Amino acid sequence: MVLQARNKHREAAPKPPQPPRASQSPLRGAPDVGAGAPGAERAPPSPRRKGAAGRKGPRAESAPPPAGGGLGGRLAAGLRGALGLRRSGRGRTWTTLLLAAFAAVLHWSHITHLFENDRHFSHLSTLEREMAFRTEMVILASWYRIYTKIMDLIGIQTKICWTVTRGEGLSPIESCEGLGDPACFYVAVIFILNGLMMALFFIYGTYLSGSQLGGLVTVLCFFFNHGECTRVMWTPPLRESFSYPFLVLQMLLVTHILRATKLYRGSLIALCISNVFFMLPWQFAQFVLLTQIASLFAVYVVGYIDICKLRKIIYMHMISLALCFVLMFGNSMLLTSYYASSLVIIWGLLAMKPHFLKINVSELSLWVIQGCFWLFGTVILKYLTSKIFGIADDAHIGNLLTSKFFSYKDFDTLLYTCAAEFDFMEKETPLRYTKTLLLPVVLVVFIAVIRKIVSDMWGVLTKQQTHVRKHQLDHGELVYHALQLLAYTALGVLIMRLKLFLTPHMCVMASLICSRQLFGWLFCKVHPGAVVFAVLAAMSIQGSANLQTQWNIVGEFSNLPQEELIEWIKYSTKPDAVFAGAMPTMASVKLSALRPIVNHPHYEDAGLRARTKIVYSMYSRKAAEEVKQELIKLQVNYYILEESWCIRRSKPGCSMPEIWDVEDPANVGKPPLCNLLVKESKPHFTTVFQNSVYKVLEVIEE
C-alpha cells in the first residue's frame with residue numbers, strides 16, 4: 001500500500017491546477033504586507049488579489065513596471081525582473097534601501113571609531129601601520145604591495161589615506177604614500193565591505209521576516225553583540241573580513257530562491273557569483289558551504305523544496321566551485337574537499353530518486369536511508385579523492401575535529417587547540433547572549449519553527465495529509481534557517497573563533513520575532529510594533545552597556561622591539577637573505593622588510609605545515625646540531641628566536657616544549673633548546689642582533 005501510494009503521488013502525470021489552500025502563506029509569492037500594517041494577513045483576500053497558491057506565477061512575478069518612474073525606477077524594475085523578485089510598493093522598496101544605506105554608514109562609522117580608538121591608526125607611520133597587522137593579514141598586504149609596484153611601473157597612482165583622527169576632526173595624513181601604503185588601503189576596503197555587510201543584514205532581516213521591523217531587530221542585535229562576532233577592531237584585513245559580507249548576500253539569495261514560486265536565471269547567476277566571492281579569499285569557506293548544502297539536502301528530503309529547485313542550486317554550487325578552482329590556480333584542495341564530495345553525492349542521490357521511490361519502506365525509513373547515503377558517501381568519496389590525488393592540505397582539519405571528541409593529539413592539533421580562539425566556546429558566551437536577550441529571543445523563534453516542523457512531519461508520517469506529496473510543504477526557508485542555526489551552533493561550540501558565523505545568524509533569526517507566519521496569533525491581539533520595541537528596549541539595557549564599553553577603549557599601538565628588528569633587517573642583511581621563525585613574526589618580515597621567508601601563517605598548505613614544524617623544532621628538546629642541519633636544508637640564513645615562545649603557557653600542556661614532548665617523546669626530560677640558545681648561541685649559531693624580545697641567530701654553514 002505504501003508503494004502504491006508513493007507511486008501514485010510522486011510519479012503521477014501532471015495534474016490540473018489545485019485550489020488555493022487556506023494554509024498557503026503570503027511568503028510564497030504574495031505581496032506580503034507592506035509589512036507593518038496589523039491584520040493585513042487576517043483580512044480575506046479580495047477576488048482581484050489572490051494568494052500565492054491561486055496566482056499564476058510567471059504572470060504575477062514578471063509583470064512590467066508602470067510607465068515612467070525615472071532612471072532609478074527602471075533600474076529597480078530591471079533588477080527585480082532579473083532576480084525574479086516580487087513587486088512591492090515603490091515607497092516601501094526605497095524606504096528599505098534608504099534604511100539599509102543608513103545602517104551601512106552607521107556601522108562603517110562605528111567600526112572606524114573603534115579601530116581608531118584602539119590603535120590611533122591615523123597617527124602611525126607606514127611601518128607602524130604594517131606592524132599593527134598580524135598573522136595571515138600581513139601576507140595579504142604583502143601581495144598587495146607587489147601589485148602596487150606593478151601599478152607604479154605602468155604609471156597608475158591613487159591616493160588612499162586614513163583620514164579619521166581621534167578628537168581632532170578630519171584631516172588627511174601625509175604619511176600615506178598613495179597605493180604604496182597597503183595598510184591604509186586594506187583598512188579602507190575592509191570597512192567599506194563591513195558597511196555593505198550591515199546594509200545586507202538589514203535587507204536580509206526585512207526580507208526574511210516580511211517586515212522592516214525585522215531588519216531593525218537584526219541590525220540592533222548585531223550592534224548589541226558586536227564583540228562576539230568580529231575581530232575587525234584589532235585585526236581588520238583577515239581573510240574572513242573579505243569573505244563574510246558575500247556570505248550574507250549568498251544566504252539572502254538562497255532564502256529568496258527557496259521562497260520563490262518560480263526560479264529565475266538571474267537569481268541563480270547571482271548565487272553563483274556570490275559563492276565565488278565568498279570562497280576566493282578564504283579557504284575555510286568550503287566548510288561553511290558544506291553545512292549549507294547539508295541543510296538544504298535535509299530540507300529537500302523531508303519535502304520542503306522540490307527536486308528541480310535543489311538540483312539547480314547544486315549546479316550553481318558546482319559551477320562556482322569549478323570557477324574558484326581555476327581562479328585559485330588549480331587549488332586541488334577544493335576538489336578533494338568534503339564540500340565537493342557532498343555536492344557529487346547529492347547530485348547522484350537526486351538522479352537516483354526514482355529508485356528510492358520504489359523501495360517499499362515507510363517515509364521515515366526513506367529519510368534515514370537518504371541521510372545515511374549522503375553522510376557515508378561524502379566521507380568515503382572525500383577519502384578516495386584525497387588518496388587518488390595525494391592531497392593532504394586539509395588533513396589537519398579532520399585531526400582537529402577528531403581531537404575535539406577523542407584524546408587524539410599531534411603537533412598541528414596542539415598548535416590549534418592551545419590557542420583560545422580554536423578551543424571550545426567559553427562558558428561566558430551563552431551568558432552574554434542571555435544578558436542582551438539575544439539567546440532567549442532566538443530560542444522562542446526556534447521553538448516556533450520546530451513546532452511547525454513537528455506538525456508537518458507528524459502529518460506526513462501518519463498519512464493524515466495525503467496532499468503533501470502533491471504540494472511541497474510551506475516555508476522551506478524557515479526550516480533551512482533553523483537547520484543552519486544548528487550547524488553554526490555546533491561550529492561555534494567546537495571552535496570558539498567560529499562564533500563569527502553563529503552570532504550574526506542568531507541576529508537574523510531574531511528578526512523572525514516579527515514574522516506573522518510564526519507569531520500571527522500574537523499579532524492578532526498585540527500590535528507587532530509594540531512587541532518589537534518592547535524586546536529591543538529590553539535588549540538595549542545590556543546592549544548599550546556593551547557599546548559604551550567598546551567606545552571607552554582607548555589605546556595606542558607601539559611595538560618598538562619589532563620596529564628595531566625590522567629596521568635592522570632592512571639595513572643590515574642582504575635582500576635575498578632567508579629568514580625563519582614564529583609565523584606571526586615571519587609575516588611582518590615579509591611585508592615590511594621584504595625578505596624571503598620559509599614559513600608563514602597560511603597553515604592550510606601541507607608543505608608549509610611541514611616546514612613550520614621544522615622551524616619550530618628550535619623550541620623542542622632536540623640537539624642544536626640536528627636542528628641546524630634541518631634549517632640548512634631549508635636554506636635558512638637567519639633565525640629569529642623569541643624567548644617568550646619558549647616559556648609562555650596558555651594552559652597546562654601548551655608550552656612549546658610540552659607540545660614537542662607529545663611529538664618527540666624520545667627527548668622528554670632534556671632542557672629546551674631555546675633556553676640554551678638564549679644564553680649562548682655558539683657553536684652552531686652566531687648572535688647578530690638582540691633586543692628585549694628578539695634574538696637573531698645566523699646559521700653557521702660548515
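Scope of the values below: all heavy atoms of this structure, side chains included, with no hydrogens, waters or symmetry mates. By convention here, the first residue in the shown sequence is residue 1. Being a predicted model, the structure only gives us computed values, none of them experimental.
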Taking atom [atom1] of [X] as the centre, report whether more than 12 heavy atoms of other residues, nucleotides or ligands fall under 6.0 Å from it.
| X | atom1 | result |
| --- | --- | --- |
| Phe389 | CZ | no |
| Phe325 | CZ | yes |
| Lys404 | NZ | yes |
| Phe376 | CZ | no |
| Phe373 | CZ | no |

Quick check: does any side chain N or O of [X] sit under 3.5 Å from a backbone N or O of [Y], one acting as donor and the other as acceptor?
| X | Y | result |
| --- | --- | --- |
| Ser337 | Leu334 | yes |
| Asn225 | Glu228 | no |
| Ser386 | Tyr383 | no |
| Thr429 | Met425 | no |
| Thr612 | Leu608 | yes |

Any idea which heavy atoms bring [X] and [Y] closest together, and the distance?
| X | Y | result |
| --- | --- | --- |
| Ala482 | Val449 | CB-CG1, 3.8 Å |
| Ser403 | Thr417 | OG-CG2, 3.9 Å |
| Leu290 | Ser342 | CD1-CB, 3.6 Å |
| Ser511 | Gly214 | CB-O, 3.2 Å |
| Met506 | Val442 | O-CG2, 3.3 Å |
| Cys514 | Val217 | SG-CG2, 4.2 Å |

Looking at [atom1] of [X] and [atom2] of [Y], how far apart are the two atoms once the value is rounded to the nearest 0.5 Å?
| X | Y | atom1 | atom2 | value |
| --- | --- | --- | --- | --- |
| Lys312 | Leu271 | NZ | CG | 13.0 Å |
| Met251 | Ser274 | CE | OG | 11.0 Å |
| Phe405 | Leu494 | CZ | CG | 4.5 Å |
| Asn331 | Leu321 | CG | CG | 10.0 Å |
| Ile314 | Ile307 | CD1 | CD1 | 11.0 Å |
| Ile273 | Ile319 | CD1 | CD1 | 11.0 Å |

Hey, are the side chains of [X] and [Y] touching, using non-hydrogen atoms and a 4.5 Å cut-off?
| X | Y | value |
| --- | --- | --- |
| Leu323 | Cys272 | yes |
| Leu258 | Leu296 | yes |
| Val662 | Phe411 | no |
| Arg259 | Leu208 | yes |
| Tyr488 | Thr503 | no |
| Trp374 | Val301 | no |
| Val368 | Ser365 | no |
| Phe222 | Met198 | yes |

Just distance, no hydrogens or angles: give the donor-acceptor pairs under 3.5 Å from side chains in residues 199-206, sequence neighbours left out.
| unit_1 | atom_1 | unit_2 | atom_2 | d |
| --- | --- | --- | --- | --- |
| Tyr204 | OH | His481 | NE2 | 2.7 |
| Thr206 | OG1 | Phe202 | O | 2.8 |

Task: Trace of the side-chain hydrogen bond (donor to acceptor under 3.5 Å, both in side chains) decision for Asp423 with Tyr416 - done: CA-CA 8 Å; Asp423 203 351; Tyr416 274 107; over 6 Å; no
Open item on the list: Apply side-chain hydrogen bond (donor to acceptor under 3.5 Å, both in side chains) to residues Asp410 and Thr413 and explain how you reach the verdict.
Closed with: CA-CA 6 Å; Asp410 63 14; Thr413 58; 2.8 Å; yes
TODO: Please say which of Gln292, His317, Lys382 ends up in a side chain to side chain donor-acceptor pair (under 3.5 Å) with Tyr339.
DONE: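 Of the listed residues Gln292, His317, Lys382, the side chain to side chain donor-acceptor pair (under 3.5 Å) partner of Tyr339 is His317.
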Task: All ring pair (Phe, Tyr, Trp, His ring centres under 6.0 Å) counterparts of Phe284, not counting sequence neighbours - done: Trp282, Phe287
Open item on the list: Check this for me: does any side-chain nitrogen of one of Lys499 and Glu421 sit under 4.0 Å from a carboxylate oxygen of the other?
Closed with: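 The answer is no: the pair does not qualify as a salt bridge.
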Open item on the list: Under a 4.0 Å threshold between the charged nitrogen and the carboxylate oxygen, would Lys409 count as salt-bridged to Glu663?
Closed with: no
TODO: Carefully, step by step, assess Asn194 and Met197 under the rule side chain to side chain contact (heavy atoms under 4.5 Å, CB included).
DONE: CA-CA 5 Å; Asn194 273 269; Met197 177 188 72; 3.5 Å; yes
Open item on the list: Do Lys262 and Tyr264 form a cation-pi contact, if we require the NZ or CZ to be under 6.0 Å from the six-membered ring centre and within 45 degrees of the ring's axis?
Closed with: yes
- [ ] Determine, step by step, whether Arg497 and Phe422 satisfy the side chain to side chain contact (heavy atoms under 4.5 Å, CB included) criterion, reporting the C-alpha distance in whole Å, the side-chain angles of both residues, the deciding distance to 0.1 Å, and the verdict.
- [x] CA-CA 6 Å; Arg497 176 178 177 178; Phe422 288 97; 3.2 Å; yes
TODO: Using the ring pair (Phe, Tyr, Trp, His ring centres under 6.0 Å) rule, take Phe278 and Phe246 through it: C-alpha gap first, then chi angles, then the decisive distance, then the call.
DONE: CA-CA 5 Å; Phe278 175 51; Phe246 296 103; 8.6 Å; no
- [ ] Carefully, step by step, assess Leu498 and Val288 under the rule side chain to side chain contact (heavy atoms under 4.5 Å, CB included).
- [x] CA-CA 10 Å; Leu498 298 185; Val288 178; over 6 Å; no
- [ ] Please work out whether the ring planes of Tyr300 and Phe297 are parallel, tilted or perpendicular, with thresholds of 30° and 60°.
- [x] tilted
- [ ] In a single word, yes or no, tell whether Cys418 and Cys654 have an SG-SG distance below 2.5 angstrom.
- [x] yes
Open item on the list: Run Tyr304 and His475 through side chain to side chain contact (heavy atoms under 4.5 Å, CB included) and show every step you take.
Closed with: CA-CA 7 Å; Tyr304 282 98; His475 304 315; 5.8 Å; no
TODO: Taking atom types as modelled, find out whether Glu240 and Ser243 have a side-chain donor-acceptor pair closer than 3.5 angstrom.
DONE: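 Absent: no donor and acceptor within the cut-off.
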